[in-house]
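See structure below.
In listed order, ligands and their atoms are each counted from 1. Heads up: numbering here begins at 1 and tracks the sequence.
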Amino acid sequence: MSCELLQKERTGVINPIFTCQPAGAQYASIGIRECIGIVHGGQGCVMFVRLLISQHLKESFEIASSSLHEDAAVFGACHRVEEGVDVLLMRYPDVKVIPIISTCSTEIIGDDIDGVVRKLNEELLPTKYPGREVHLIPIHTPSFVGSMVNGYDVAVRDFVKYFATKGEPNGKLNLITGWVNPGDVSALKHLLAEMEVDATVLFEIESFDSPTMPDGNHVSHGDTTIEDLQGTANAIGTLALNRYEGAKAAKYLEEKFAVPAVIGPTPVGIRNTDAFLARVKEMTGKPIPRSLVIERGIAIDALTDLVHMHLADKRVAIYANPDLAIALTEFCLDLEMKPLVVLLGDDNPFYEDDPRIKRLRENVDFPMEIITNADFWELEDRIKNRGLELDLILGHSKGRFISIDYNIPMVRVGFPTYDRAGIFRHPVVGYAGAIYLAEQMANAIFTDMEHKKNKEWILNVW
Ligand code: SF4
């Protein structure tokens, strides 16, 4: 009776949990101001990803495609990147940052995007756009390696690597949030503000919860500036909240500029939020104020109302980006729930060495499966054919059909969540996130009790 780390044994994937690397690079790039990426590949590599991100955030934003066709797939398509950069610069006079994001097809045909960038820097930019600040950054994200998760990690590293410039110490903390929602960014900024910590929040998408203004539709842009990225080399330290979404950049800054890197924790739940604040305190010397002790107390009180009566022993399946999935698992355990299945949608070989997974393997005393390279069939097969009984599913909207088909309540969390209103606005991090998640889970279970007439009398006032 313990926690096992398993690989999906089947070849092939039935209903994938993650999409491909370029998607992660696109999500990172929308966090930068005055930036429009060019995805070098077929148009679908942008169209579907953009649709997914737009459906998730309910906002419009800009991203370009080199849009290659059959001839380019055979003979190469570097010229389409050159034309694409030129068109972007002509059409958008404010654009300064253009990542060139490769895809499976352009990596296979061997298009030399680094060479194209060199050529553009030597020819097009000085001749047609003299004096204009333009940064072209090649980002290699072949879809046949890893997943959208490493795509995000690689892109964050490449942006930081390109811009970070040694200067005077700026006394700021670099915060790499990883793949989060606007609501999470607001919650993290709130915690840092309460501690009076001056931080550079990197790949910052808070403004993707955009207003509709009287003068018309709003196109959303990220808030991390070129100066923010340049200043990362001069910070007092880098706190990367996620091991698989931003740690590469934190390690680069440590190795190259001696900026100390701290990786984790993903501040989901009380325990991990406590650890996050303790890390911030260690790195900045700033005390944790009483206001946050009160917030913590309110969260503990809210959870105490739910745990024993309603959440304890509830059987859960969890799937999400790996740092989020692991942090949700830890939070569920703290709430005395039983995460029976945790699905990680890629085959990252480092999961084996992840200290959080090691702790789960050492300490969990009921049968828990952590399945890597997992797809939705891994979950459905267990429910349909192997007697897995669940009280709750935690995960993004792509797993909704399992919840519907097998009548299992579900709480939407992670990316993408498009089939419930406003999920992107609510934080899952910090003490506020702990309250939100626990109450969402409890309310999903309460609704299920009412629909199934399953001990619904417990919800009565008596
Ligand atoms: S798998 Fe390849 S073709 Fe499909 S979206 Fe990803 S990069 Fe594009």
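- Put simply, atom 4 (Fe) of ligand 1 has no protein non-hydrogen atoms near it, under 4.0 Å away.
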Quiz: residues 246-261 side-chain donor-acceptor pairs under 3.5 angstrom, not counting sequence neighbours:
| residue | atom | partner | partner atom | Å |
| --- | --- | --- | --- | --- |
| Lys248 | NZ | Asp153 | OD2 | 3.0 |
| Glu254 | OE2 | Ala261 | N | 2.9 |

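- Other residues, nucleotides and ligands contribute only 12 or fewer heavy atoms inside 6.0 Å of the CZ atom of Phe75.
- In this structure, Phe376 and His396 have perpendicular ring planes: the angle between them is above 60°, well past the 30° mark.
- Sorted by chain and number, the protein atoms of type N, O or S within less than 2.8 Å of atom 8 (Fe) of ligand 1 are Cys45 SG.
- Of the candidates Leu88, Ile137, Val81, Ile98 forms a side chain to side chain contact (heavy atoms under 4.5 Å, CB included) with just one, namely Leu88.
- Residues that satisfy the side-chain contact (heavy atoms from CB on, under 4.5 Å) test with Val74, not counting sequence neighbours, are absent from this structure.
- By the side-chain contact (heavy atoms from CB on, under 4.5 Å) test, Gln7 is found to be paired with Asp347, Thr372, Asn373, residues two or more places apart in sequence or in another chain being considered.
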